[in-house]
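Here the structure comes first, spelled out in structure tokens, and everything after it is commentary.
Values below: all heavy atoms of this structure, side chains included; hydrogens, waters and symmetry mates excluded. Throughout, protein chains are lettered first and strands after them, A, B, ... in sequence-line order, and every chain is numbered starting at 1.
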Amino acid sequence: MAALSAPLVSLPRYPTANNHLLSLIDQCTNTKHLYQIHAQMLRTGLFFDPYTASRLITASALSSFSSLDYAHRVFDQIPQPNLYTWNTLIRAYASSSQPNLSVVVFLEMLYQSCELPNKFTYPFVIKAASELKALRLGTGFHGMIVKASLASDVFILNSLVHFYGSCGHLELAYRVFLNIRNKDLVSWNSMITTFAQGNCPKEAIELFREMEAESVKPNDITMLGVLSACAKKVDIEFGRWVCSYIERNEIRVNLTLNNAILDMYVKCGSVEDAKRLFDRMPEKDVVSWTTMLDGYAQSGNYDEAHRIFEAMPSQNIAAWNALISSYEQNGKPKEALATFHKLQINKSAKPDEVTLVSTLSACAQLGAIDLGGWIHVYIKKQEIKMNCHLTTSLIDMYSKCGDLEKALDVFNSVEKTDVFVWSAMIAGLAMHGRGRAAIDLFSKMLEAKVKPNAVTFTNILCACSHSGLVDEGRNFFHQMETIYGVVPGVKHYACMVDILGRSGHLEEAMEFIEKMPMAPSVSLWAALLASCRLHVNVELAEQACSQLLELDPRNHGAYVLLSNIYAKTGKWDRVSALRKFMRDSGLKKEPGCSSIEINGIIHEFLVGENSHPLTKEIYSKLDEVAAKLKSVGYVPNKSHLLQFVEEEDMKEQALNLHSEKLAIAFGLISMGSSQPIRVVKNLRVCGDCHSVAKLISGVYEREILLRDRYRFHHFKGGQCSCMDYW
DNA sequence: CTAGGGTTAG
């Protein structure tokens, strides 16, 4: 009997040779070693022991010199893989760069193996689903788990919490969490992390309190989640408390935890605390350096930022990105582009999508279409994966640089879209005065089953405002909450005030403001004030202005708008009173500044500028323009003169010095006549400049694209795309 | 003999 049941090839359960080979696997440092062991296993027949073969798979799949390909080939040689072997491969793929293959192997197993997935299989394959953010897939696994009666396993449930969290479904994650009967530390950590990363820092901290109340002892991972929540909440008080909590409870502080504390200090605005910790840290890595660098850059301390940058052991792309994006976000787009340029020369790191997004955004701010277009080509040439972030930035860049057609090309050519891509395209149409097209696109977006968000509504209301679509604007505003569940914020109210005020419904705008459930913002009053100028309503303007100044006493824009209205109605005494007041309180009008890009170089003109090398030519061009326009009957409109110039003949001259005129004149001399002149102005275009640009576009047969603070003016054949509604 | 939770740049 004993002889009959013995296997043909006798394999002792734990033979010494077996143990010896296994211990050799742990000592492998390269693939060659693995091949030798593999060969030895085949020779001795040990390979056909599922456990031994699985160890070989694990070693080749998860080691530092890993080759998943090889692991898979090893797997394919195994005649009858058991469940453990399958799990090994599924696990290896789950944490690889191709988690989808984990799912493929899982499915193969369902078809080929007579064994069913067990409690070990699911955490792996759910991890793959989390990586893929594949909600439906993971939900399917969840169903299988319930059917297989595995739904009480705490390991599986914890991975489901993590899975729903990484898909952004916090409610589902929380529901699973609540259903875990025997919650362990990882359950709490998973849920806290999910809340912290899902932009619910309050809930994360509440859960941490609850955990304490249940006497579950937190560890370093818990604190990472809590600190990340503090950083998101910008609550330094609580952050400091967390640090002392870590000390009091003797939680092991490793490099990662120190980095998290560092980040918390930076995000909460205390670079000083961050620096103190940074100097004391026994060990630092790239993350520590980059976080510190980012802290200085975000706070505008570029001297220190550069010092850190130079001192870092290696300048990775994240470090460059920290500099570029902080410049771009702190209103220093030129510095952002200069840094990008340095990166290109330096070649120490390769631009990634974050770099390109920030740089495109800087191009958009400056109207630098040459560089922006160059980056577009770069993306194609380098075969950089287009994601929604990049698509959004490209659409935004082309729109803001005045090339709406290119923006539409990008929009129409991408496969992947999200709500931000659609919203950016709607914004592009809006700023070019194509209100109807923006509304059509909104309908298409709904057809594509993309849910509009707060940004979408800001943009669509903006479209209505620029195109004078008052009824449509009212409708969207009322529908946004009732139909789409987006609660109007103060920005949406400001848009509505703009829509109503601009179209002359000043009374209705005022009533609308009175019924607002929140306090009006500076920009809301500014919108009303601008409407008062357009429709010349001195009384309401004074009201709006005083409300605005109460919120922001040093807002020079408000004084300028009000003085415009006084000037328009001939109240010159009030104009001078305002001017005196501004001078006495040290308030200066923001100087008008226009820029134009010629052959990739941005030329800037301040109002009255005369430092440009071609100043002489520019001014003589302006004289020529003035003479030509006079001959077609143009009379300068002096009421647009906002500079408080008192002497009459000075006014006409000052009008000629407006920055947009200088930039247009420069464009006329420096560019080929077939190219449109693209100008970006920091303020709203003045009425006289608007008329002049229209005339130039006719007389000189030149297209002019003028972007002002609020929108685009596309001058062609003597007309403007705004139809004079601005 | 296999599991689950992690810090940086948009």
Does the ring centre of [Y] sit less than 6.0 Å away from the ring centre of [X]?
X: A:Y164; Y: A:Y174; answer: no
X: A:F208; Y: A:W188; answer: no
X: A:Y302; Y: A:Y296; answer: no

Using the ring of each side chain (for Trp, its six-membered ring), is A:W86 parallel, tilted or perpendicular to A:F75, with breaks at 30° and 60°?
perpendicular
Can you say whether the rings of A:Y245 and A:W241 are parallel (under 30°), tilted (30 to 60°) or perpendicular (over 60°)?
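Taking A:W241 first and then A:Y245, their aromatic rings sit tilted (interplane angle of 30° to 60°).
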Can you measure [X] atom [atom1] to [N] atom [atom2] for me and round it to whole angstrom units?
X: A:F163; N: B:dG5; atom1: CZ; atom2: P; answer: 14 Å
X: A:Q329; N: B:dG10; atom1: CD; atom2: C1'; answer: 7 Å
X: A:F155; N: B:dA3; atom1: CZ; atom2: P; answer: 10 Å

Identify which nucleotide among [options] has an atom closest to any side-chain atom of [X], counting heavy atoms from C-beta outward.
X: A:Y51; options: B:dC1, B:dG10, B:dG6; result: B:dC1
X: A:D294; options: B:dT7, B:dA9, B:dG5; result: B:dA9
X: A:Q197; options: B:dG10, B:dT7, B:dG5; result: B:dT7
X: A:F124; options: B:dT2, B:dA9, B:dT7; result: B:dT2
X: A:T193; options: B:dA9, B:dG5, B:dG10; result: B:dG5

Tell me what [X] touches on the nucleic acid: a base, only sugar-phosphate, or nothing, going by heavy atoms under 4.0 Å.
X: A:E328; result: nothing
X: A:A318; result: base
X: A:D220; result: nothing

State whether A:F177 and A:K183 meet the cation-pi test: NZ (Lys) or CZ (Arg) under 6.0 Å from the six-membered ring centroid, and within 45° of the perpendicular axis.
yes
Does a salt bridge link A:E272 with A:K275, judged by any charged N lying under 4.0 Å from a carboxylate O?
no
Nearest heavy-atom neighbours spanning A:F106 and A:I90
CA-CD1, 3.8 Å
Near DNA chain B, which residues from residues 258-278 of chain A have a heavy atom under 4.0 Å away?
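Only A:N259, A:D263, A:K267 qualify.
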In residues 82-94 of chain A, which residues come under 4.0 Å of DNA chain B by heavy atom?
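By residue number: A:Y84, A:N87, A:R91.
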On the side chain of A:N321, is there an atom forming a donor-acceptor pair with the base of B:dG10 - under 3.5 Å, no angle test?
no
So, does A:S228 use its side chain to make a donor-acceptor pair with the main chain of A:L224 at under 3.5 Å?
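Side chain of A:S228 to backbone of A:L224, a donor-acceptor pair under 3.5 Å: no, none is there.
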